[in-house]
Amino acid sequence: MYTNEVMDHFTNPRNVGEIENADGIGTVGNAKCGDIMKMYLKIDNGIITDIKFKTFGCGAAIATSSMATELVKGKTVEEALKLTNKEVIDRLGGLPPAKIHCSVLAEESIRAAVADYYQKTGRELPESLKKSLEHDNAHGEE
Ligand code: FES
């Protein structure tokens, strides 16, 4: 049911924990299952130098978040905003259809943490981020 990559990231997740004095923190919940993801970013000169996550979520959420943190570490915040859950799933060799919604937590929590960073540093949110936050809010009220 799960690929070796998924099992690897689930049993040995990368970047679990929290960052003290993080530059951006994003917390999102999954409307389908009620699980929660919290993402912490350390950012220097627009580069994500460290990233950690904590979750009250299932194995697929852990594996996708672990992979997502690996993919954005060392990237610019703009590049991190382009990460999609599809890309994360591809890098993990796929997920069962019933578990696709779990992968969205990682993408959304990274975007929320970047938005927090933009707000804390007094920067204007990029249009793409504004739209996705509006969409997320609308989603949460469904
Ligand atoms: Fe909730 Fe997977 S079942 S994140």
Side-chain angles (χ1 to χ4, degrees), residues 1-44 46-121 123-142:
M1 181 171 174
Y2 291 111
T3 65
N4 289 339
E5 283 85 350
V6 172
M7 290 311 293
D8 176 33
H9 279 267
F10 167 55
T11 53
N12 179 26
R14 283 54 146 188
N15 305 311
V16 172
E18 57 187 275
I19 296 174
E20 259 184 63
N21 302 320
D23 297 303
I25 299 176
T27 306
V28 296
N30 192 314
K32 282 201 177 178
C33 61
D35 289 343
I36 294 168
M37 176 76 58
K38 194 162 183 179
M39 195 66 73
Y40 301 82
L41 301 177
K42 194 81 201 155
I43 297 165
D44 270 321
I47 309 269
I48 297 171
T49 55
D50 199 9
I51 177 166
K52 295 215 183 297
F53 76 94
K54 285 204 305 196
T55 187
F56 185 86
C58 70
I62 292 169
T64 48
S65 299
S66 169
M67 176 58 89
T69 58
E70 290 273 276
L71 291 175
V72 302
K73 201 170 185 175
K75 300 264 171 69
T76 64
V77 288
E78 288 79 15
E79 284 168 329
L81 289 177
K82 291 185 191 141
L83 181 74
T84 63
N85 69 314
K86 185 178 178 315
E87 190 180 341
V88 175
I89 292 169
D90 287 348
R91 291 291 291 257
L92 287 168
L95 269 181
K99 287 288 171 185
I100 300 291
H101 74 272
C102 313
S103 67
V104 179
L105 276 178
E107 177 193 316
E108 289 184 346
S109 59
I110 289 172
R111 295 175 74 79
V114 170
D116 183 45
Y117 163 71
Y118 274 102
Q119 276 157 353
K120 276 183 179 149
T121 51
R123 284 162 217 227
E124 172 105 18
L125 291 182
E127 279 308 311
S128 64
L129 195 48
K130 271 191 212 164
K131 280 200 189 99
S132 86
L133 290 177
E134 279 164 21
H135 177 75
D136 291 348
N137 290 340
H139 228 56
E141 286 162 14
E142 272 173 14

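In listed order, ligands and their atoms are each counted from 1.
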- Message: Which of the numbered atoms in ligand 1 are under 4.0 angstrom from any heavy atom belonging to A61?
- Response: 4 (S)

Distance-only donor-acceptor hits, side chain of residues 51-65, under 3.5 Å, sequence neighbours excluded:
{"from": "K54", "atom 1": "NZ", "to": "E18", "atom 2": "OE2", "distance (Å)": "2.5"}
{"from": "T55", "atom 1": "OG1", "to": "I36", "atom 2": "O", "distance (Å)": "2.8"}
{"from": "T55", "atom 1": "OG1", "to": "G57", "atom 2": "N", "distance (Å)": "3.3"}
{"from": "T64", "atom 1": "OG1", "to": "A60", "atom 2": "O", "distance (Å)": "2.7"}
{"from": "T64", "atom 1": "OG1", "to": "A61", "atom 2": "O", "distance (Å)": "3.2"}
{"from": "S65", "atom 1": "OG", "to": "A61", "atom 2": "O", "distance (Å)": "2.8"}

- Under a 4.5 Å cut-off applied to non-hydrogen side-chain atoms, are C102 and L95 in contact? no

- Query: Just wondering, do E70 and H9 contact through their side chains at under 4.5 Å, heavy atoms?
  - Reply: yes

- Taking non-hydrogen atoms only, is K99 closer than 4.0 angstrom to ligand 1 via side chain, backbone, both or neither? side chain

- Task: Would you mind listing which atoms of ligand 1 come within a distance below 4.0 Å of any non-hydrogen atom of C102?
- Result: 2 (Fe), 3 (S), 4 (S)

- Task: Could you pull out, from A106, S65, A60, C33, the option with a heavy atom nearest to atom 1 (Fe) of ligand 1?
- Result: C33

- Query: What's the atom name of the N, O or S in D35 nearest to atom 1 (Fe) of ligand 1?
  - Reply: OD2

- Item | Test log, rule side-chain contact (heavy atoms from CB on, under 4.5 Å), inputs R123 and Y117 | CA-CA 8 Å; R123 284 162 217 227; Y117 163 71; 3.2 Å; yes

- Identify whether the distance between the nearest side-chain nitrogen and carboxylate oxygen of E127 and K130 falls below 4.0 Å. yes

- Hey, which atoms in ligand 1 end up nearer than 4.0 Å to a heavy atom of C58? 2 (Fe), 3 (S), 4 (S)

